[in-house]
Amino acid sequence: MENKLTEQEIVRREKAQELANKGLDPYGSRFDRTHNTNTFKAEYSSFTKEELHEMENPPVVKLAGRIMTKRVKGKAGFAHIQDQYGRIQIYVKSDLVGEESYELFDKADLGDIIGVEGHPMITNTGELSIKVIKYTHLVKALHPLPDKFHGLVDVEERYRRRYVDLIMNEDSKNTLILRSKIISSMRRYLDNLGYLEVETPILHPILGGANARPFITHHNTLDMPFYLRIAPELYLKRLIVGGLDCVYEIGRLFRNEGMDPTHNPEFTTIELYLAYSDLEGMMDLCEDLICSIATENLGTTVIPFGEKTINLTKGWRRAHMVDLIKEETGINFFEVPDYETAKKLALEHGIKVEAHDYGFGHIVNLFFEHYCEEKIIQPTFVYGHPIEVSPLTKKDPKDPRFTQRFELFIDSREYANAYTELNDPIDQKERFENQLKEKELGNDEATEMDIDFVESLEYGMPPTGGIGIGIDRLVMLLTNSQSIRDVLLFPHMKNRGK
RNA sequence: GACCCGCUAGCUCAGUCGGUAGAGCAUUUGACUUUUAAUCAAAGGGUCAGGCGUUCAAGUCGCCUGCGGGUCACCA
C-alpha cells in the first residue's frame, strides 16, 4: 500500500533510529508542563527585557509543542514551538543545554515535538521567548510539514488530512474551536433557563419528523430495518406528553441527499420544545439565543458574511409568507379562492407543478421558494406556512389553510424551523394520512404514519412551542465560512481511486 | 445527475508556438552563539493524477477514467 519513501522520509526514519540508538524513545513519554503558550505569555508579557534578565532567581517554566520554525546559527539557535493556543519562540544555546542536547536540537526537524525547560527572556528584537536550560526530544515526525510560509492550501488535502490543516492553518483551527464554543454557549444559555438536555434514539423504526430521504440500515438480532434519524421531533414531543416541560437535544441528523456548500449527509441540529409556549415564544427565544451566542463569542451582533453584512441585532422582521409573495409578485394568496386558480397562476408564472403538488398550499409554497427566498438577506421570520407542507404544525385558527409555523431565513438560507406544535391527535392522524397520499403520488420524501405518536397525543400534550436550528449553518454564519465543510472537523469525501 | 474549472518535487507555484522539467520553502553537506519567511555556499529530489490517441516529438492538443472545487438540478 505504502508508496516509495521520499528522500526526506528516509532521512527522518534514520534520525528516529539514531535517537533510539542513543537510548531515547523517538515517541517519548509524559512531559509535565507548567505553562502552555497562552498562560506563559499572559504571565510574562508585561515584563521588560531588563527585568527578566536581571532576576536573581529567574522563574523556571516547562512547555511542550511542535517545532514550526527553526533557525540555527552555529552553536545557538532559535525555534518556534506550537501548542493548541499558539506559538512561542525558544532560544537554545549549546553553553546552556550542553553539547549532547544541542546536537539533538540541531538534528531536530520541523514537525518534531519537543519539551523545554527554561527561563522567560526577551530577545534583542523584543520577542518574549524561553531561554532553554533543558531540552527534551519527545516525538519524531516522519512526515515533513507543508511549506512553513504558505501552509496547506489544497482544499482536498485540508479536508482529507484535517490534522495537517489544524497544524498549519490558524484560521481553520480558530473556526473549528469557535464551533465548539458556540455549541457550548448554546447549552449554557438553555441550561440557565432550566432546560433539560436529552438523548433520543438515532435508529428509528419509522421515518418521521421531517421530509427527507433516509439512510437505511439493519439490526441483526431484531432482524428489522432501521432508518438513521432525519429528525428527533416525534420522540421529543413524546417527552412533552410525558411531562418534561422543557427539553432540547443537540445531535446529528442523517439525510441521504445531495452534497453542496450548505448540505452534508450528516449534520448537527438543536431541537427544543417548551410546553405552554407557542410560535411567538419560539421567535423570541430564537432571536435572543442567537444574539446571545453572537455577543458572547464575537462581541457583536453585526457580522460580516461573505460580501454582505448581517445585522443580528434583536428586532428581526416577522412576515407572513403570503405577504412576502405579494411584495414580490403582487399576488395576494389570501384572496385566491381555490387550488385551480392557484395552479393557473403558477403555470402563468412558469412554475413547475408536480403530481404531488395537489393542494392550494403546495402552490403557495412554490411561489415563496421561487420568488421570495433569494430576496431575504437580513434575519427574517417567515411564518404562516401552508398546511400541506406542515404536517406536524397547529393550524391557524383564523385561516385553516395556513399553520402556526415559521422558518428563519438569513441570506436566502433556512436557519431554523419552528411550530406551535400540533397536539390534536385526530388532526395529526389525518395529516399523516395525507402524507401517505403524497407518497403514493410520487413524493418519496413524504413521512410515514406513526401510530404510537398519535396515541401519545391522545393522552394529551400541553400546548407547546418547538424549534429546530441548523447548527452547522449557524456556525458558518458566525465564523464567516462559505462551505459547511469548513465547519466540520471531518467532512465526508469520496474514496480515492487506486 | 448536467455543465465549467483544476490536478507538475513533501508543500506553494511557474512552465511561452508541441522540441530532453523550473523556482521558493523543505531536505543533505559546510560556515555562523540574539535569529525570526535568518543569511551565505554547494548538492540531491519528478510515473507532470491514471489510461488511450494524434504527432518525428505531448506537462502542453484530443478522448476516456479518477479525485477535488464551483454553478445548476435535487434537498420545502
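Just so it is clear, the structure is predicted and the values come from calculations on it, not from any experiment. In what follows, chains are A, B, ... by sequence order, proteins preceding strands, each numbered from 1. In what follows, every heavy atom counts, from backbone to side chain, and hydrogens, waters and symmetry copies are set aside.
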Just checking [X]: base, sugar-phosphate only, or nothing, at a heavy-atom cut-off of under 4.0 Å?
X        : result
A/Glu414 : nothing
A/Phe368 : nothing
A/Gly151 : sugar-phosphate

From the list [options], which nucleotide is the closest neighbour of the side chain of [X]?
X        : options             : answer
A/Val153 : B/G10, B/U33, B/U12 : B/U12
A/Leu152 : B/C67, B/G10, B/U12 : B/U12
A/Arg213 : B/C74, B/G10, B/A38 : B/C74
A/Glu257 : B/U33, B/C75, B/U35 : B/C75
A/Asp95  : B/U35, B/U27, B/U33 : B/U33
A/Thr6   : B/G10, B/U34, B/G45 : B/G10

In whole angstroms, the gap separating C1' of B/G6 from OH of A/Tyr159 amounts to 15 Å
Between CZ of A/Arg87 and C1' of B/A37 the distance, given in whole Å, is 11 Å
### Task
Please confirm whether A/Phe406 and A/His385 have ring centers closer than 6.0 angstrom.
no
Taking the six-membered ring for Trp, are the ring centroids of A/Phe78 and A/Phe105 within less than 6.0 Å of each other? no
For [N], give its Watson-Crick or G-U wobble partner with both distances under 3.5 Å, or none.
N     : value
B/G6  : B/C67
B/U39 : B/A31
B/G53 : B/C61
B/A23 : B/U12

>> Using the rule given for salt bridge (charged side-chain N to carboxylate O under 4.0 Å, His left out), can you reason through A/Arg161 versus A/Asp165, listing the C-alpha separation, both sets of side-chain angles and the distance that settles it, and then say yes or no?
In response: CA-CA 7 Å; A/Arg161 298 186 202 267; A/Asp165 185 35; over 6 Å; no
May I ask you to evaluate whether [X] reaches the phosphate of [N], defined as a side-chain N or O under 4.0 Å from OP1 or OP2?
X        : N     : answer
A/Lys148 : B/A26 : yes
A/Lys73  : B/U33 : no
A/Arg160 : B/G68 : yes

Task: N/O donor-acceptor pair under 3.5 Å between A/Glu388 side chain and A/Gly361 backbone - done: yes
Test ring pair (Phe, Tyr, Trp, His ring centres under 6.0 Å), reference A/Phe402, set A/Phe368, A/Tyr383, A/Phe334, output is A/Phe334
